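Order of the sequence lines sets the chain letters (A, B, ...), proteins ahead of strands, with each chain counted from 1. No experiment lies behind these values; they were computed from the predicted model shown.
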Amino acid sequence: MGEVRTRFAPSPTGFMHIGNLRTALYEYLIARSQGGKFILRIEDTDQERYVEGAMDVVYDTLKATGISYDEGPGVGGDYGPYIQSERRGIYMEYARQLIEKGAAYYCFCTKERLDSLRESEGASFTYDRHCLSLTKEEVERNLAEGKPFVIRQKVPREGRTTFTDVVYGDITVDNDTLDDQILIKSDGMPTYNFANVVDDHLMKITHVVRGNEYLSSTPKYNILYQSFGWDIPVYIHLPSIMKDAHNKLSKRNGDASFQDLVKKGYLPEAILNYIALLGWSPGGTREFYTLKELEEDFTIEGLNKSPSIFDTEKLKWMNAEYIRKLSPEDFTALARPYIEEALGNSACDIGKISALIQQRTEILTDIPDKISFFRELPEYSSEIYCHKKMKTDREISLRALKLTRDLILRNDELEHEWTSPKLYEAFCLLASENEMKNSQILWPVRTALSGREVSPGGATELAEILGRGETMKRIEAGISKLEKELEG
RNA sequence: GGCUCCUUGGUCAAGCGGCUAAGACACCGCCCUCUCACGGCGGAAACACGGGUUCGAUUCCCGUAGGAGUCACCA
């Protein structure tokens with residue numbers, strides 16, 4: 001057994017969606033886990049679907065996730081070029097070989113004829129081999145006249161074809177269900193099915209890994225390999241990733257692409273980790289893997305055959321785990337833009353806020369909303385001063401806020417050491433001096449400072465970040481708000 | 001519709017003839033706690049159905065049902 005070689009062969013038609021990324025990941029892992037090579041090949045044989053910039057999306061995504069390729073556009077290799085549109089001459093040459101062997105033929109049928117045929121035959125349409133009966137002379141004449149043509153594969157009508165897939169096992173189909181598929185299109189470009197076989201052979205790909213939507217066209221691949229007399233690669237078809245029980249994840253529906261997820265505040269490492277486990281299992285209960293660790297532990301046997309649903313909730317959880325494990329510095333670096341967005345020109349300490357929210361952040365884009373109250377006290381209903389479990393209501397809160405204000409005013413120790421622990425100590429003392437529960441001081445203060453039912457951090461943590469002046473201002477605001485309401 | 005594939009809790013999944021059928025997410029409850037979050041403890045929740053094979057089937061075989069894929073000069 002020689003060196004394992006796999007390839008990722010995306011067509012640059014849009015965004016890199018999660019299914020594509022996972023396919024690339026598995027292809028990469030299958031090669032790496034066996035000390036093999038991973039190749040990138042761009043399949044741009046459909047000029048109509050070409051999207052400007054789509055190739056960069058592929059390169060950028062692979063780079064962002066750390067999936068590196070040994071051969072491919074930009075890095076070179078012995079079997080290039082690695083962009084199919086630059087290889088068009090090659091395919092025609094191999095197609096002609098097939099014609100000589102009697103395994104393919106020219107077809108001059110017009111699209112119109114095919115369409116009407118299809119219409120009359122319905123869903124079970126296969127090409128009627130109209131052009132197979134053309135004599136050599138007729139073909140030559142048509143060619144000489146410059147009639148547009150395609151080249152079709154001549155699939156045997158008799159017998160059955162069996163191929164072996166590593167995850168799905170042996171699959172057998174009757175040959176008469178197979179169509180004489182087009183190999184070379186009228187524009188001279190190969191179809192995916194043909195280019196794939198030719199390139200995989202020429203590039204010495206040993207393991208063909210792809211989505212299982214190709215399962216039903218694989219018999220035709222096999223016949224092609226046999227016609228050429230080439231070795232058949234190991235097939236590994238992957239189950240699809242679903243959006244829900246009935247629909248695949250697709251970019252058409254605006255479902256998550258890798259870049260969308262990153263934009264939403266998911267970390268590339270978390271995304272990669274999550275999708276590695278969507279369709280593959282290490283066998284045990286381990287859930288956290290870096291790319292490197294996957295390279296060591298990945299086995300083809302762990303591949304699943306049934307489709308799996310992409311669960312944003314679990315991804316979120318995993319992302320949160322990754323965020324929590326970040327060093328404070330790394331988290332601050334990632335969170336900084338979101339914090340600044342929420343803070344505007346307020347003077348709050350970004351490092352302190354960052355420390356407050358790291359444990360509480362699932363995805364980065366959640367940040368601004370969580371901390372926007374630091375910049376400006378939001379409008380809020382005095383209803384939130386009432387809390388049964390905290391044993392507080394508007395009256396108690398008003399009293400608590402007044403006591404707190406007076407404490408701050410008279411306690412100059414606090415003025416010099418305005419820190420959360422110090423404040424906490426002082427507030428608790430204040431509570432016991434007045435025969436109140438801690439919560440009866442802390443809840444009203446936290447409420448007055450945040451204007452929210454929930455906030456990251458408690459009363460004293462918020463106070464420290466807000467600073468003495470702003471804290472006083474907000475407490476005063478709370479007092480007058482409550483006074484006004486209790487009078488009226 | 002033909003052909004092919006798939007089927008363990010709501011979701012991801014372990015299991016590869018004998019188990020009280022793991023674990024994780026989500027959910028619920030309790031605890032911790034200056035709210036929330038984190039953390040800890042506990043709970044509810046699954047082998048699609050029917051036949052075989054076998055001493056014994058979640059596991060093997062055959063049907064049924066449900067789902068998916070595919071039947072393009074798209075990949």
Side-chain angles (χ1 to χ4, degrees), chain A residues 9-11 13 43-46 48-49 107 109 111 114-115 118 122-126 148-152 165 168-169 171-174 176-179 181-187 189-193 195-196 210-219 237 239-240 242 244-248 274 277-287 301-302 304-318 320 324 356-362 370 384 387 389-390 420 423-424 427-428 431 438-439 441-443 445-447 450 452-463:
Chain A
S11 51
T13 56
E43 309 221 330
D44 59 345
T45 54
D46 184 2
E48 282 174 31
R49 291 216 300 171
C107 171
C109 289
K111 223 167 176 145
L114 261 20
D115 285 345
R118 217 184 312 274
S124 60
F125 170 81
T126 51
F149 68 89
V150 301
I151 296 176
R152 285 182 184 272
D165 180 87
Y168 290 97
I171 294 174
T172 303
V173 300
D174 289 329
D176 64 10
T177 64
L178 271 21
D179 195 15
Q181 66 174 341
I182 290 174
L183 269 18
I184 300 286
K185 300 185 266 191
S186 56
D187 65 359
M189 281 291 216
T191 56
Y192 165 85
N193 294 303
N196 219 255
R210 71 226 306 198
N212 72 2
E213 63 267 27
Y214 295 108
L215 226 33
S216 47
S217 52
T218 302
H237 287 89
S240 37
M242 312 289 286
D244 54 48
H246 304 292
N247 304 291
K248 292 213 310 183
Y274 175 70
L277 264 21
L278 255 195
W280 175 79
S281 164
T285 58
R286 180 170 173 189
E287 294 201 286
E301 293 70 43
N304 226 103
K305 46 173 74 166
S306 43
S308 45
I309 296 173
F310 185 85
D311 183 6
T312 311
E313 286 304 316
K314 183 137 189 181
L315 205 213
K316 245 189 199 163
W317 164 79
M318 185 163 272
R324 286 184 205 113
L356 219 49
I357 59 176
Q358 181 167 5
Q359 296 298 107
R360 296 171 168 89
T361 301
E362 287 190 301
K370 267 191 179 51
I384 61 178
H387 196 294
K389 224 178 134 195
M390 297 300 116
S420 178
L423 287 162
Y424 186 68
F427 288 179
C428 290
N438 289 347
S439 64
I441 296 288
L442 296 166
W443 176 269
V445 172
R446 195 197 59 76
T447 302
S450 65
R452 299 267 190 100
E453 281 184 273
V454 301
S455 63
T460 67
E461 292 164 306
L462 300 188

State the pairing partner of B:G2; accept Watson-Crick or G-U wobble contacts with both distances under 3.5 Å, and report none otherwise.
B:U70

Identify whether any heavy atom of A:Phe125 sits under 4.0 Å from a base atom; if not, whether one sits that close to sugar-phosphate; answer base, sugar-phosphate or nothing.
sugar-phosphate

Please enumerate all residues that pass side chain to side chain contact (heavy atoms under 4.5 Å, CB included) together with A:Asp174, with sequence neighbours excluded.
A:Arg160, A:Asp176, A:Thr177

In whole Å, what separates the P atom of B:A57 from that of B:G50?
14 Å

Check every strand shown and say whether A:Ser217 touches a base, only sugar-phosphate, or nothing at a heavy-atom separation below 4.0 Å.
nothing

Looking across every strand, which nucleic acid part, if any, lies under 4.0 Å from A:Lys248 by heavy atom: base, sugar-phosphate, or nothing?
sugar-phosphate

So the side-chain hydrogen bond (donor to acceptor under 3.5 Å, both in side chains) pairs with at least one residue in residues 307-316 of chain A (sequence neighbours excluded) are A:Glu287-A:Lys314

Please give, in whole Å, the distance from B:A75 P to A:Glu48 CD?
10 Å

Identity of whatever pairs with B:U54 - Watson-Crick or G-U, under 3.5 angstrom
none

With A:Gln358 via side chain to side chain donor-acceptor pair (under 3.5 Å) - residues at least two apart:
none

Across nucleotides 2-12 of chain B, 5' to 3', mark each nucleotide with B, S or - according to how protein heavy atoms within less than 4.0 Å reach it.
--SSSS---SS

Sugar-phosphate, base or nothing in reach of A:Ser439, heavy atoms under 4.0 Å
nothing

Applying a 3.5 Å limit to both distances, which nucleotide forms a Watson-Crick or G-U wobble pair with B:G63?
B:C49

For the residue pair A:Arg210 and A:His237, establish whether any side-chain heavy-atom pair is separated by less than 4.5 Å.
yes

Classify the nucleic acid contact of A:Met390 as base, sugar-phosphate or nothing, counting any heavy atom under 4.0 Å across all strands shown.
sugar-phosphate

Tell me the interatomic distance from A:Arg210, atom CZ, to B:U70, atom P, rounded to whole angstroms.
13 Å

Check: A:Ser240 and A:Pro307 side chains under 4.5 Å, non-hydrogen atoms
yes

Minimum heavy-atom separation for A:Ile309 and A:Ala245, please, with both atom names.
CD1-N, 3.8 Å

Below the 4.0 Å mark, does B:C74 have OP1 or OP2 next to a side-chain nitrogen or oxygen of A:Tyr192?
no

For nucleotides B:U4 and B:G40, find the distance between their C1' atoms and express it as a whole number of Å.
50 Å

Taking the P atom of each, how far is B:C61 from B:C5, in whole Å?
12 Å

Between B:C25 and B:U20, how far apart are the C1' atoms? Round to whole Å, please.
24 Å

Base, sugar-phosphate or nothing for A:Arg118? Non-hydrogen atoms, less than 4.0 Å.
sugar-phosphate

Considering only the C1' atoms, how many Å lie between B:A45 and B:G9, rounded to the nearest integer?
5 Å

Using the P atom on both, measure B:A72 against B:G66 and round to a whole Å.
26 Å

Mind calculating the distance between CG (A:Leu315) and P (B:A26) to the nearest angstrom?
12 Å

Taking side chain as C-beta onward, heavy atoms only, is A:Ile171 less than 4.5 Å from A:Leu215?
yes

Under 4.0 Å, heavy atoms only, any strand: does A:Ala245 hit a base, just the sugar-phosphate, or nothing?
sugar-phosphate

For residues A:Leu442 and A:Thr460, report the shortest heavy-atom separation together with the two atoms involved.
CD2-CG2, 4.2 Å

Have a look at A:Ser11 and say if it touches a base, only the backbone sugar-phosphate, or nothing, with a 4.0 Å heavy-atom cut-off.
sugar-phosphate

Pairing partner of B:A24, by Watson-Crick or G-U wobble and under 3.5 Å for both distances, is B:U11

Using Watson-Crick or G-U wobble geometry with both distances under 3.5 Å, which nucleotide pairs with B:C16?
none

Which atom pair, heavy atoms only, marks the closest approach of A:Pro456 to A:Leu462?
O-CD2, 3.3 Å

Under a 4.0 Å heavy-atom criterion, the protein footprint on nucleotides 36-49 of chain B, written with B, S and -, is BSSS----------

Between A:Asn196 and A:Asn193, a side-chain donor and acceptor under 3.5 Å:
no

Atom pair distance, as rounded to whole Å: CG in A:Asp46 and C1' in B:C73:
9 Å

Would you tell me whether A:His387 and A:Thr447 have side-chain atoms, one donor and one acceptor, within less than 3.5 Å of each other?
no

Could you tell me the separation between the CD atom of A:Glu313 and the C1' atom of B:A26, rounded to a whole number of Å?
7 Å

Please give, in whole Å, the distance from B:C73 C1' to A:Arg49 CZ?
13 Å

With C1' as the reference atom in both, quote the distance from B:U64 to B:U7 in angstrom, rounded to an integer.
13 Å

Which pairs, protein N/O on one side and nucleotides 58-63 of chain B N/O on the other, fall under 3.5 Å?
none

Which whole number of Å gives the distance between the C1' atom of B:A14 and that of B:C32?
32 Å

Look at the side-chain N and O atoms of A:Lys185 and state whether any lies under 4.0 Å from the OP1 or OP2 oxygen of B:A75.
yes

Can you tell me the distance, in whole Å, between the CZ atom of A:Arg286 and the P atom of B:C25?
17 Å

Quick one: label A:His237 by what it contacts on the DNA or RNA (base, sugar-phosphate, nothing), any heavy atom closer than 4.0 Å.
nothing

Classify the ring geometry of A:Tyr214 against A:Tyr192: parallel below 30°, tilted from 30° to 60°, perpendicular beyond 60°.
parallel

Of the options B:C34, B:A68, B:C73, whose atoms approach the side-chain atoms of A:Met242 most closely?
B:A68

Touch check for A:Asn438, heavy atoms < 4.0 angstrom, all strands: base, sugar-phosphate only, or nothing?
nothing

Please find the pair of heavy atoms, one from A:Arg286 and one from A:Pro282, that lie closest to each other, and give the distance.
O-CG, 3.8 Å

side-chain N/O A:Thr285 vs B:A13 OP1/OP2, d < 4.0 Å
no

Applying a 3.5 Å limit to both distances, which nucleotide forms a Watson-Crick or G-U wobble pair with B:C38?
none

Quickly work out the A:Met189 CE to B:C74 P distance and round it to whole Å.
11 Å

